[in-house]
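First the proteins, then the strands, lettered A, B, ... as listed; each starts at 1.
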There are 2 protein chains.
Amino acid sequence: MSLAMSSKQSRQPTGSPRRTPPASLTVKRLSLYLRYVETLAEKGRSTVSSRQLGKALGLTDTQVRKDLSCFGQFGRPGVGYHVGDLVGRLRAILGTDKVWNVAVVGVGSLGRALLRYKGFVGKGFRPAAAFDSAAGKVGKKFGGVVVQPMSELAGAVKKSRIRLAVLTVPAKAAQDVADRLCRAGIRGILNFVPVTLTVPAGVAVVPVDLVVQLEQLSYLVNASGKKGPGSGD
Amino acid sequence: MSLAMSSKQSRQPTGSPRRTPPASLTVKRLSLYLRYVETLAEKGRSTVSSRQLGKALGLTDTQVRKDLSCFGQFGRPGVGYHVGDLVGRLRAILGTDKVWNVAVVGVGSLGRALLRYKGFVGKGFRPAAAFDSAAGKVGKKFGGVVVQPMSELAGAVKKSRIRLAVLTVPAKAAQDVADRLCRAGIRGILNFVPVTLTVPAGVAVVPVDLVVQLEQLSYLVNASGKKGPGSGD
DNA sequence: CCATGTGAATTAATTCACAGCT
DNA sequence: AGCTGTGAATTAATTCACATGG
(Lines give C-alpha, C1' and ligand atoms only; values in the text may rest on other atoms or scores of the structure.)
Protein backbone atom coordinates (compact mmCIF):
# COMPACT_ATOMS: atom_id res chain seq x y z
CA MET A 1 0.00 0.00 0.00
CA SER A 2 1.37 3.31 -1.02
CA LEU A 3 1.65 6.32 1.10
CA ALA A 4 -0.42 9.22 -0.11
CA MET A 5 1.14 12.59 -0.22
CA SER A 6 -0.34 15.67 1.25
CA SER A 7 -1.64 18.10 -1.28
CA LYS A 8 -1.72 21.00 1.12
CA GLN A 9 -3.64 23.68 -0.60
CA SER A 10 -4.87 26.77 1.11
CA ARG A 11 -8.52 27.70 0.74
CA GLN A 12 -9.73 29.93 -2.04
CA PRO A 13 -11.74 32.97 -0.99
CA THR A 14 -15.26 31.96 -1.98
CA GLY A 15 -16.89 29.82 -4.57
CA SER A 16 -13.99 29.23 -6.89
CA PRO A 17 -14.42 26.43 -9.41
CA ARG A 18 -11.50 24.35 -8.24
CA ARG A 19 -10.73 22.07 -11.10
CA THR A 20 -13.17 19.93 -12.89
CA PRO A 21 -15.28 21.30 -15.73
CA PRO A 22 -18.99 22.06 -15.12
CA ALA A 23 -20.11 18.70 -16.54
CA SER A 24 -23.63 18.57 -17.85
CA LEU A 25 -24.83 15.67 -15.73
CA THR A 26 -23.66 17.45 -12.64
CA VAL A 27 -25.80 20.48 -13.34
CA LYS A 28 -28.96 18.40 -13.52
CA ARG A 29 -28.23 17.10 -10.05
CA LEU A 30 -27.55 20.58 -8.72
CA SER A 31 -31.17 21.41 -9.45
CA LEU A 32 -32.26 18.43 -7.41
CA TYR A 33 -30.01 19.44 -4.54
CA LEU A 34 -31.50 22.90 -4.63
CA ARG A 35 -35.05 21.58 -4.70
CA TYR A 36 -34.46 19.39 -1.69
CA VAL A 37 -32.45 21.90 0.31
CA GLU A 38 -35.17 24.48 -0.20
CA THR A 39 -37.64 22.16 1.49
CA LEU A 40 -35.19 21.80 4.38
CA ALA A 41 -34.93 25.58 4.63
CA GLU A 42 -38.71 25.83 4.85
CA LYS A 43 -38.66 23.31 7.67
CA GLY A 44 -36.08 25.40 9.48
CA ARG A 45 -33.24 22.91 9.24
CA SER A 46 -29.90 24.67 9.42
CA THR A 47 -27.41 22.06 8.24
CA VAL A 48 -27.38 19.00 6.02
CA SER A 49 -24.71 16.40 5.28
CA SER A 50 -23.82 14.96 1.92
CA ARG A 51 -25.07 11.61 3.13
CA GLN A 52 -28.50 12.96 4.05
CA LEU A 53 -28.73 14.76 0.74
CA GLY A 54 -27.73 11.69 -1.18
CA LYS A 55 -30.13 9.47 0.70
CA ALA A 56 -33.04 11.78 -0.09
CA LEU A 57 -32.17 11.80 -3.77
CA GLY A 58 -30.90 8.29 -4.31
CA LEU A 59 -27.24 9.20 -4.70
CA THR A 60 -24.05 8.39 -2.85
CA ASP A 61 -22.56 10.86 -0.45
CA THR A 62 -19.38 10.97 -2.49
CA GLN A 63 -21.33 11.92 -5.56
CA VAL A 64 -22.94 14.81 -3.74
CA ARG A 65 -19.63 16.11 -2.43
CA LYS A 66 -17.95 15.83 -5.82
CA ASP A 67 -20.77 17.73 -7.47
CA LEU A 68 -20.73 20.52 -4.94
CA SER A 69 -16.98 20.76 -4.58
CA CYS A 70 -16.38 21.44 -8.24
CA PHE A 71 -18.08 24.80 -7.87
CA GLY A 72 -16.10 25.82 -4.83
CA GLN A 73 -15.91 24.59 -1.30
CA PHE A 74 -18.80 25.40 0.91
CA GLY A 75 -19.58 23.05 3.72
CA ARG A 76 -17.63 22.43 6.88
CA PRO A 77 -15.95 19.16 7.87
CA GLY A 78 -17.63 17.59 10.85
CA VAL A 79 -20.74 19.71 10.36
CA GLY A 80 -21.99 19.50 6.82
CA TYR A 81 -23.45 22.19 4.62
CA HIS A 82 -25.29 25.22 5.93
CA VAL A 83 -28.76 25.01 4.44
CA GLY A 84 -29.29 28.72 3.91
CA ASP A 85 -25.86 29.16 2.43
CA LEU A 86 -26.27 26.17 0.17
CA VAL A 87 -29.56 27.48 -1.21
CA GLY A 88 -27.87 30.76 -2.06
CA ARG A 89 -24.87 29.12 -3.62
CA LEU A 90 -26.90 26.76 -5.76
CA ARG A 91 -29.17 29.54 -6.96
CA ALA A 92 -26.15 31.61 -7.90
CA ILE A 93 -24.60 28.70 -9.80
CA LEU A 94 -27.83 27.93 -11.64
CA GLY A 95 -28.49 31.60 -12.26
CA THR A 96 -31.82 31.72 -10.45
CA ASP A 97 -30.73 34.22 -7.83
CA LYS A 98 -32.28 36.76 -10.19
CA VAL A 99 -35.68 36.39 -11.82
CA TRP A 100 -35.85 35.38 -15.49
CA ASN A 101 -38.70 36.69 -17.59
CA VAL A 102 -40.09 33.90 -19.70
CA ALA A 103 -42.24 34.06 -22.81
CA VAL A 104 -44.71 31.29 -23.55
CA VAL A 105 -45.02 30.92 -27.30
CA GLY A 106 -48.00 28.89 -28.46
CA VAL A 107 -51.03 29.08 -26.23
CA GLY A 108 -52.57 25.66 -26.74
CA SER A 109 -53.61 23.54 -23.80
CA LEU A 110 -50.02 22.96 -22.77
CA GLY A 111 -49.07 26.61 -23.10
CA ARG A 112 -52.08 27.63 -21.03
CA ALA A 113 -51.19 25.10 -18.36
CA LEU A 114 -47.69 26.50 -18.14
CA LEU A 115 -49.01 30.05 -17.85
CA ARG A 116 -51.15 28.93 -14.93
CA TYR A 117 -48.54 26.68 -13.34
CA LYS A 118 -47.97 27.68 -9.74
CA GLY A 119 -44.63 25.95 -9.37
CA PHE A 120 -42.54 28.78 -10.82
CA VAL A 121 -43.15 31.32 -8.08
CA GLY A 122 -40.13 31.82 -5.90
CA LYS A 123 -37.97 29.70 -8.16
CA GLY A 124 -36.59 32.49 -10.30
CA PHE A 125 -38.89 32.26 -13.30
CA ARG A 126 -41.81 34.48 -14.23
CA PRO A 127 -44.10 34.00 -17.22
CA ALA A 128 -43.97 37.56 -18.48
CA ALA A 129 -45.61 37.32 -21.89
CA ALA A 130 -47.54 34.95 -24.12
CA PHE A 131 -47.84 34.78 -27.88
CA ASP A 132 -50.05 32.96 -30.33
CA SER A 133 -50.72 33.26 -34.03
CA ALA A 134 -54.45 32.59 -33.65
CA ALA A 135 -56.39 35.83 -33.60
CA GLY A 136 -59.04 34.18 -31.47
CA LYS A 137 -56.60 33.76 -28.61
CA VAL A 138 -55.01 37.19 -28.75
CA GLY A 139 -56.20 39.43 -25.96
CA LYS A 140 -57.28 36.59 -23.71
CA LYS A 141 -55.68 36.25 -20.35
CA PHE A 142 -54.24 33.09 -18.77
CA GLY A 143 -52.54 33.00 -15.42
CA GLY A 144 -52.54 36.78 -15.42
CA VAL A 145 -50.74 37.07 -18.75
CA VAL A 146 -52.44 38.56 -21.83
CA VAL A 147 -51.84 36.76 -25.10
CA GLN A 148 -50.22 38.92 -27.77
CA PRO A 149 -50.02 38.39 -31.51
CA MET A 150 -46.81 36.96 -32.92
CA SER A 151 -46.09 40.28 -34.58
CA GLU A 152 -45.45 41.78 -31.16
CA LEU A 153 -42.87 39.17 -30.25
CA ALA A 154 -39.64 40.97 -31.07
CA GLY A 155 -40.84 44.21 -29.51
CA ALA A 156 -42.10 42.63 -26.33
CA VAL A 157 -38.98 40.54 -25.88
CA LYS A 158 -36.87 43.65 -25.98
CA LYS A 159 -39.20 45.81 -23.94
CA SER A 160 -39.77 43.29 -21.14
CA ARG A 161 -36.22 41.98 -21.17
CA ILE A 162 -37.34 38.44 -21.87
CA ARG A 163 -34.44 36.06 -22.30
CA LEU A 164 -36.07 32.65 -22.10
CA ALA A 165 -38.92 31.15 -24.08
CA VAL A 166 -41.12 28.11 -23.66
CA LEU A 167 -42.06 26.70 -27.04
CA THR A 168 -45.44 24.95 -27.29
CA VAL A 169 -46.46 25.50 -30.89
CA PRO A 170 -47.49 22.85 -33.45
CA ALA A 171 -44.59 20.81 -34.81
CA LYS A 172 -44.80 22.29 -38.29
CA ALA A 173 -44.31 25.80 -36.99
CA ALA A 174 -41.64 25.02 -34.41
CA GLN A 175 -38.45 25.72 -36.35
CA ASP A 176 -39.84 28.90 -37.86
CA VAL A 177 -40.92 30.22 -34.51
CA ALA A 178 -37.59 29.21 -33.00
CA ASP A 179 -35.85 31.21 -35.70
CA ARG A 180 -37.96 34.23 -34.86
CA LEU A 181 -37.21 33.84 -31.19
CA CYS A 182 -33.51 33.71 -31.88
CA ARG A 183 -33.66 36.80 -34.09
CA ALA A 184 -35.58 38.55 -31.32
CA GLY A 185 -32.62 37.93 -29.05
CA ILE A 186 -33.91 35.13 -26.88
CA ARG A 187 -31.08 33.24 -25.15
CA GLY A 188 -32.71 29.93 -24.24
CA ILE A 189 -35.63 27.79 -25.36
CA LEU A 190 -37.48 25.17 -23.36
CA ASN A 191 -38.78 23.07 -26.21
CA PHE A 192 -41.92 20.99 -25.70
CA VAL A 193 -42.31 20.38 -29.40
CA PRO A 194 -41.26 16.89 -30.56
CA VAL A 195 -38.78 18.26 -33.06
CA THR A 196 -35.03 18.77 -32.87
CA LEU A 197 -34.45 22.49 -33.20
CA THR A 198 -31.52 24.11 -34.97
CA VAL A 199 -30.40 27.29 -33.28
CA PRO A 200 -27.37 29.57 -33.61
CA ALA A 201 -24.50 29.32 -31.14
CA GLY A 202 -25.21 31.30 -28.04
CA VAL A 203 -28.77 30.06 -27.78
CA ALA A 204 -29.45 27.11 -25.49
CA VAL A 205 -32.18 24.56 -26.02
CA VAL A 206 -33.53 22.12 -23.44
CA PRO A 207 -35.89 19.58 -24.95
CA VAL A 208 -38.88 18.24 -23.03
CA ASP A 209 -40.72 15.70 -25.15
CA LEU A 210 -43.55 14.08 -23.21
CA VAL A 211 -43.70 11.11 -25.54
CA VAL A 212 -40.00 10.52 -25.13
CA GLN A 213 -40.44 10.54 -21.34
CA LEU A 214 -43.26 8.03 -21.57
CA GLU A 215 -41.16 5.85 -23.83
CA GLN A 216 -38.43 5.78 -21.21
CA LEU A 217 -41.04 4.55 -18.75
CA SER A 218 -42.32 2.00 -21.21
CA TYR A 219 -38.82 0.68 -21.74
CA LEU A 220 -38.08 0.49 -18.04
CA VAL A 221 -41.32 -1.31 -17.28
CA ASN A 222 -40.77 -3.81 -20.04
CA ALA A 223 -37.20 -4.36 -18.94
CA SER A 224 -38.11 -4.91 -15.31
CA GLY A 225 -40.60 -7.52 -16.44
CA LYS A 226 -37.70 -9.70 -17.51
CA LYS A 227 -35.06 -8.72 -15.04
CA GLY A 228 -35.35 -6.68 -11.93
CA PRO A 229 -33.44 -3.43 -11.59
CA GLY A 230 -35.01 -0.58 -9.73
CA SER A 231 -36.16 2.58 -11.42
CA GLY A 232 -34.78 6.00 -11.88
CA ASP A 233 -36.30 8.90 -10.03
CA MET B 1 -43.61 -0.96 -50.02
CA SER B 2 -43.15 -2.64 -46.73
CA LEU B 3 -41.45 -5.86 -47.43
CA ALA B 4 -40.01 -7.33 -44.30
CA MET B 5 -36.68 -8.97 -44.55
CA SER B 6 -37.47 -12.04 -46.59
CA SER B 7 -34.98 -14.81 -46.94
CA LYS B 8 -31.30 -14.34 -46.63
CA GLN B 9 -30.56 -13.95 -43.01
CA SER B 10 -27.94 -15.81 -41.15
CA ARG B 11 -28.64 -13.42 -38.33
CA GLN B 12 -29.99 -14.11 -34.93
CA PRO B 13 -33.74 -14.73 -34.79
CA THR B 14 -34.81 -11.17 -34.01
CA GLY B 15 -33.39 -8.32 -32.03
CA SER B 16 -30.75 -10.13 -30.04
CA PRO B 17 -28.79 -7.91 -27.68
CA ARG B 18 -25.39 -8.68 -29.06
CA ARG B 19 -23.11 -7.62 -26.30
CA THR B 20 -23.27 -4.38 -24.48
CA PRO B 21 -25.77 -3.77 -21.71
CA PRO B 22 -28.90 -1.63 -22.40
CA ALA B 23 -27.30 1.54 -21.01
CA SER B 24 -29.70 4.19 -19.84
CA LEU B 25 -28.36 7.06 -21.94
CA THR B 26 -28.73 4.94 -25.02
CA VAL B 27 -32.44 4.42 -24.45
CA LYS B 28 -33.11 8.14 -24.38
CA ARG B 29 -31.53 8.43 -27.78
CA LEU B 30 -33.53 5.53 -29.15
CA SER B 31 -36.65 7.60 -28.57
CA LEU B 32 -35.15 10.40 -30.61
CA TYR B 33 -34.23 8.02 -33.40
CA LEU B 34 -37.78 6.73 -33.42
CA ARG B 35 -39.26 10.20 -33.48
CA TYR B 36 -37.15 11.22 -36.43
CA VAL B 37 -37.51 7.99 -38.36
CA GLU B 38 -41.27 8.19 -38.01
CA THR B 39 -41.22 11.54 -39.78
CA LEU B 40 -39.16 9.96 -42.56
CA ALA B 41 -41.71 7.17 -42.84
CA GLU B 42 -44.48 9.72 -43.22
CA LYS B 43 -42.53 11.36 -46.01
CA GLY B 44 -42.20 8.01 -47.74
CA ARG B 45 -38.44 7.67 -47.36
CA SER B 46 -37.42 4.04 -47.41
CA THR B 47 -33.87 4.05 -46.07
CA VAL B 48 -31.72 6.19 -43.82
CA SER B 49 -28.04 6.07 -42.93
CA SER B 50 -26.50 6.49 -39.55
CA ARG B 51 -24.89 9.66 -40.76
CA GLN B 52 -28.18 11.22 -41.83
CA LEU B 53 -29.77 10.20 -38.55
CA GLY B 54 -26.93 11.64 -36.56
CA LYS B 55 -26.91 14.86 -38.52
CA ALA B 56 -30.61 15.40 -37.87
CA LEU B 57 -30.16 14.84 -34.16
CA GLY B 58 -26.77 16.35 -33.51
CA LEU B 59 -24.93 13.08 -32.97
CA THR B 60 -22.08 11.29 -34.68
CA ASP B 61 -22.76 8.44 -37.06
CA THR B 62 -20.72 6.11 -34.89
CA GLN B 63 -22.87 6.93 -31.91
CA VAL B 64 -26.00 6.07 -33.83
CA ARG B 65 -24.62 2.75 -35.02
CA LYS B 66 -23.38 1.79 -31.58
CA ASP B 67 -26.75 2.56 -30.06
CA LEU B 68 -28.65 0.54 -32.62
CA SER B 69 -26.22 -2.34 -32.83
CA CYS B 70 -26.44 -3.17 -29.15
CA PHE B 71 -30.04 -4.27 -29.63
CA GLY B 72 -29.29 -6.48 -32.59
CA GLN B 73 -28.15 -5.85 -36.11
CA PHE B 74 -30.67 -4.33 -38.42
CA GLY B 75 -29.38 -2.21 -41.24
CA ARG B 76 -27.44 -3.26 -44.30
CA PRO B 77 -23.90 -2.26 -45.20
CA GLY B 78 -23.80 -0.01 -48.23
CA VAL B 79 -27.49 0.79 -47.90
CA GLY B 80 -28.35 1.93 -44.40
CA TYR B 81 -31.39 1.17 -42.29
CA HIS B 82 -34.79 0.38 -43.72
CA VAL B 83 -37.07 3.06 -42.37
CA GLY B 84 -40.14 0.90 -41.92
CA ASP B 85 -38.15 -1.85 -40.31
CA LEU B 86 -36.36 0.56 -38.02
CA VAL B 87 -39.61 2.07 -36.82
CA GLY B 88 -40.87 -1.40 -35.93
CA ARG B 89 -37.66 -2.42 -34.21
CA LEU B 90 -37.44 0.74 -32.15
CA ARG B 91 -41.06 0.49 -31.09
CA ALA B 92 -40.51 -3.09 -30.05
CA ILE B 93 -37.42 -2.17 -28.04
CA LEU B 94 -39.15 0.73 -26.34
CA GLY B 95 -42.30 -1.31 -25.81
CA THR B 96 -44.59 0.98 -27.75
CA ASP B 97 -45.56 -1.58 -30.35
CA LYS B 98 -48.56 -2.16 -28.12
CA VAL B 99 -50.70 0.58 -26.63
CA TRP B 100 -50.26 1.48 -22.98
CA ASN B 101 -53.23 2.69 -21.02
CA VAL B 102 -52.25 5.67 -18.92
CA ALA B 103 -53.97 7.18 -15.91
CA VAL B 104 -53.69 10.88 -15.23
CA VAL B 105 -53.78 11.43 -11.50
CA GLY B 106 -54.39 15.00 -10.44
CA VAL B 107 -56.54 17.05 -12.80
CA GLY B 108 -55.12 20.53 -12.28
CA SER B 109 -54.18 22.68 -15.23
CA LEU B 110 -51.25 20.47 -16.09
CA GLY B 111 -53.26 17.26 -15.78
CA ARG B 112 -55.98 18.70 -18.00
CA ALA B 113 -53.44 19.75 -20.58
CA LEU B 114 -52.03 16.24 -20.69
CA LEU B 115 -55.50 14.75 -21.09
CA ARG B 116 -56.04 17.02 -24.07
CA TYR B 117 -52.56 16.67 -25.51
CA LYS B 118 -52.74 15.47 -29.11
CA GLY B 119 -49.19 14.22 -29.30
CA PHE B 120 -49.86 10.79 -27.81
CA VAL B 121 -52.00 9.44 -30.63
CA GLY B 122 -50.20 6.85 -32.67
CA LYS B 123 -47.29 6.79 -30.28
CA GLY B 124 -48.43 3.91 -28.14
CA PHE B 125 -49.98 5.79 -25.23
CA ARG B 126 -53.62 6.41 -24.46
CA PRO B 127 -54.98 8.47 -21.57
CA ALA B 128 -57.53 5.94 -20.37
CA ALA B 129 -58.61 7.38 -17.02
CA ALA B 130 -58.30 10.44 -14.83
CA PHE B 131 -58.56 10.84 -11.09
CA ASP B 132 -58.84 13.74 -8.71
CA SER B 133 -59.68 14.10 -5.05
CA ALA B 134 -61.72 17.28 -5.57
CA ALA B 135 -65.43 16.47 -5.74
CA GLY B 136 -65.94 19.47 -7.98
CA LYS B 137 -63.83 17.93 -10.72
CA VAL B 138 -65.24 14.42 -10.57
CA GLY B 139 -67.58 13.69 -13.43
CA LYS B 140 -66.17 16.38 -15.69
CA LYS B 141 -64.67 15.38 -18.98
CA PHE B 142 -61.35 16.49 -20.43
CA GLY B 143 -59.99 15.26 -23.72
CA GLY B 144 -62.71 12.64 -23.77
CA VAL B 145 -61.83 11.20 -20.37
CA VAL B 146 -64.18 11.46 -17.41
CA VAL B 147 -62.60 12.34 -14.07
CA GLN B 148 -63.18 9.72 -11.37
CA PRO B 149 -62.81 10.01 -7.61
CA MET B 150 -59.61 8.69 -6.05
CA SER B 151 -61.61 5.92 -4.41
CA GLU B 152 -62.10 4.36 -7.84
CA LEU B 153 -58.42 4.26 -8.58
CA ALA B 154 -57.53 0.70 -7.66
CA GLY B 155 -60.63 -0.68 -9.32
CA ALA B 156 -60.23 1.26 -12.53
CA VAL B 157 -56.54 0.42 -12.81
CA LYS B 158 -57.35 -3.24 -12.67
CA LYS B 159 -60.44 -3.08 -14.85
CA SER B 160 -58.89 -0.99 -17.61
CA ARG B 161 -55.50 -2.67 -17.43
CA ILE B 162 -53.74 0.59 -16.72
CA ARG B 163 -50.04 0.14 -16.12
CA LEU B 164 -48.67 3.66 -16.35
CA ALA B 165 -49.63 6.79 -14.45
CA VAL B 166 -48.92 10.47 -14.92
CA LEU B 167 -48.68 12.19 -11.56
CA THR B 168 -49.73 15.85 -11.43
CA VAL B 169 -50.98 16.28 -7.87
CA PRO B 170 -49.86 18.88 -5.32
CA ALA B 171 -46.45 18.21 -3.80
CA LYS B 172 -47.80 17.40 -0.36
CA ALA B 173 -49.98 14.61 -1.70
CA ALA B 174 -47.46 13.17 -4.15
CA GLN B 175 -45.87 10.42 -2.08
CA ASP B 176 -49.19 9.25 -0.69
CA VAL B 177 -50.75 9.06 -4.11
CA ALA B 178 -47.68 7.32 -5.45
CA ASP B 179 -48.03 4.73 -2.72
CA ARG B 180 -51.65 4.17 -3.69
CA LEU B 181 -50.69 3.83 -7.33
CA CYS B 182 -48.09 1.24 -6.47
CA ARG B 183 -50.53 -0.72 -4.33
CA ALA B 184 -53.00 -0.58 -7.20
CA GLY B 185 -50.42 -2.35 -9.33
CA ILE B 186 -49.19 0.49 -11.51
CA ARG B 187 -45.80 -0.31 -13.09
CA GLY B 188 -44.48 3.12 -14.01
CA ILE B 189 -44.98 6.74 -12.98
CA LEU B 190 -44.27 9.85 -15.02
CA ASN B 191 -43.75 12.29 -12.19
CA PHE B 192 -44.39 15.98 -12.79
CA VAL B 193 -44.36 16.76 -9.10
CA PRO B 194 -41.16 18.41 -7.83
CA VAL B 195 -40.54 15.70 -5.26
CA THR B 196 -38.33 12.63 -5.29
CA LEU B 197 -40.66 9.66 -5.00
CA THR B 198 -39.88 6.46 -3.16
CA VAL B 199 -41.35 3.43 -4.83
CA PRO B 200 -40.93 -0.34 -4.43
CA ALA B 201 -38.67 -2.28 -6.76
CA GLY B 202 -40.49 -3.19 -9.92
CA VAL B 203 -42.01 0.25 -10.31
CA ALA B 204 -40.25 2.73 -12.57
CA VAL B 205 -40.30 6.47 -12.12
CA VAL B 206 -39.35 9.07 -14.70
CA PRO B 207 -39.19 12.57 -13.25
CA VAL B 208 -40.19 15.62 -15.27
CA ASP B 209 -39.70 18.74 -13.20
CA LEU B 210 -40.40 21.86 -15.21
CA VAL B 211 -38.45 24.06 -12.83
CA VAL B 212 -35.45 21.77 -13.10
CA GLN B 213 -35.61 22.01 -16.88
CA LEU B 214 -35.74 25.79 -16.73
CA GLU B 215 -32.81 25.80 -14.34
CA GLN B 216 -30.78 23.85 -16.85
CA LEU B 217 -31.58 26.55 -19.38
CA SER B 218 -30.71 29.26 -16.92
CA TYR B 219 -27.37 27.64 -16.22
CA LEU B 220 -26.56 27.17 -19.89
CA VAL B 221 -27.45 30.75 -20.76
CA ASN B 222 -25.38 32.14 -17.92
CA ALA B 223 -22.49 29.90 -18.86
CA SER B 224 -22.56 30.91 -22.52
CA GLY B 225 -22.47 34.51 -21.44
CA LYS B 226 -18.93 33.99 -20.18
CA LYS B 227 -17.69 31.38 -22.56
CA GLY B 228 -19.22 30.15 -25.76
CA PRO B 229 -20.28 26.53 -26.09
CA GLY B 230 -23.35 25.68 -28.09
CA SER B 231 -26.46 24.30 -26.51
CA GLY B 232 -28.01 20.93 -26.01
CA ASP B 233 -31.16 20.05 -27.90
C1' DC C 1 -16.17 10.36 16.43
C1' DC C 2 -18.34 12.65 12.02
C1' DA C 3 -18.00 15.12 7.78
C1' DT C 4 -15.74 17.47 3.79
C1' DG C 5 -12.65 17.64 -0.18
C1' DT C 6 -9.84 15.39 -3.41
C1' DG C 7 -6.16 12.45 -5.79
C1' DA C 8 -6.22 7.81 -7.58
C1' DA C 9 -8.66 3.89 -9.29
C1' DT C 10 -12.47 2.14 -11.40
C1' DT C 11 -16.26 1.91 -14.37
C1' DA C 12 -19.20 3.82 -18.07
C1' DA C 13 -19.65 6.21 -22.42
C1' DT C 14 -17.90 7.91 -26.61
C1' DT C 15 -14.90 8.09 -30.47
C1' DC C 16 -11.46 5.97 -33.52
C1' DA C 17 -10.05 2.78 -36.91
C1' DC C 18 -10.91 -0.67 -39.82
C1' DA C 19 -12.77 -5.32 -41.52
C1' DG C 20 -16.36 -6.73 -44.41
C1' DC C 21 -20.70 -6.30 -47.04
C1' DT C 22 -23.47 -3.92 -51.23
C1' DA D 1 -17.89 4.51 -54.11
C1' DG D 2 -20.87 4.14 -49.53
C1' DC D 3 -22.32 1.96 -45.25
C1' DT D 4 -22.69 -1.14 -41.13
C1' DG D 5 -20.81 -3.42 -37.07
C1' DT D 6 -17.34 -3.77 -33.67
C1' DG D 7 -12.79 -4.34 -31.12
C1' DA D 8 -9.50 -1.01 -29.33
C1' DA D 9 -8.42 3.46 -27.64
C1' DT D 10 -9.89 7.48 -25.61
C1' DT D 11 -12.47 10.41 -22.75
C1' DA D 12 -16.00 11.25 -19.20
C1' DA D 13 -18.19 9.97 -14.91
C1' DT D 14 -18.37 7.60 -10.67
C1' DT D 15 -16.56 5.38 -6.74
C1' DC D 16 -12.77 4.41 -3.53
C1' DA D 17 -9.59 5.69 -0.06
C1' DC D 18 -7.78 8.75 2.92
C1' DA D 19 -5.87 13.32 4.61
C1' DT D 20 -7.57 16.91 7.24
C1' DG D 21 -10.79 20.00 9.83
C1' DG D 22 -14.67 20.50 13.49
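- The nearest whole Å value for the distance from the NZ atom in B:Lys28 to the P atom in C:dT14 is 12 Å.
- Distance, B:Asp61 CG to C:dC16 C1': 11 Å, rounded to whole Å.
- Note that CD1 of A:Ile93 and CG of A:Asp67 are 10.0 Å apart. Values are rounded to the nearest 0.5 Å.
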Scan nucleotides 8-11 of chain D against the protein and return all N/O pairs shorter than 3.5 Å with their distances rounded to 0.1 Å.
none

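- Minimum atom distance to the side chain of A:Pro77 is reached by C:dT4, of the listed D:dG5, C:dG5, C:dT4.
- Look at CG on A:Asp67: it is 7 Å from P on D:dT14, rounded to the nearest Å.
- Across the protein-nucleic acid pair, A:Leu86 atom CG and C:dT4 atom P stand 11 Å apart, rounded to whole Å.
- The separation between A:Tyr81 atom OH and C:dA3 atom P is 12 Å, rounded to whole Å.
- Position along DNA chain D of the nearest nucleotide to A:Thr62 versus A:Gly78 favours A:Thr62 as the more 5'-ward residue.
- Contact between the side-chain N/O atoms of B:Gln63 and the OP1/OP2 oxygens of C:dA13 is not found at any separation under 4.0 Å.
- Taking the six-membered ring for Trp and thresholds of 30 and 60 degrees, A:Phe71 and B:Tyr219 have ring planes more than 60 degrees apart, a perpendicular arrangement.
- Side-chain atoms of B:Glu215 and A:Thr96 form no donor-acceptor pair, as typed in the model, at a separation below 3.5 Å.
- Counting atom types as modelled, A:Arg65 pairs a side-chain N or O with a base atom of C:dG5 as donor and acceptor under 3.5 Å.
- Each of A:Arg29 and B:Leu68 has a nearest nucleotide on DNA chain D; the 5'-most of these lies closest to B:Leu68.
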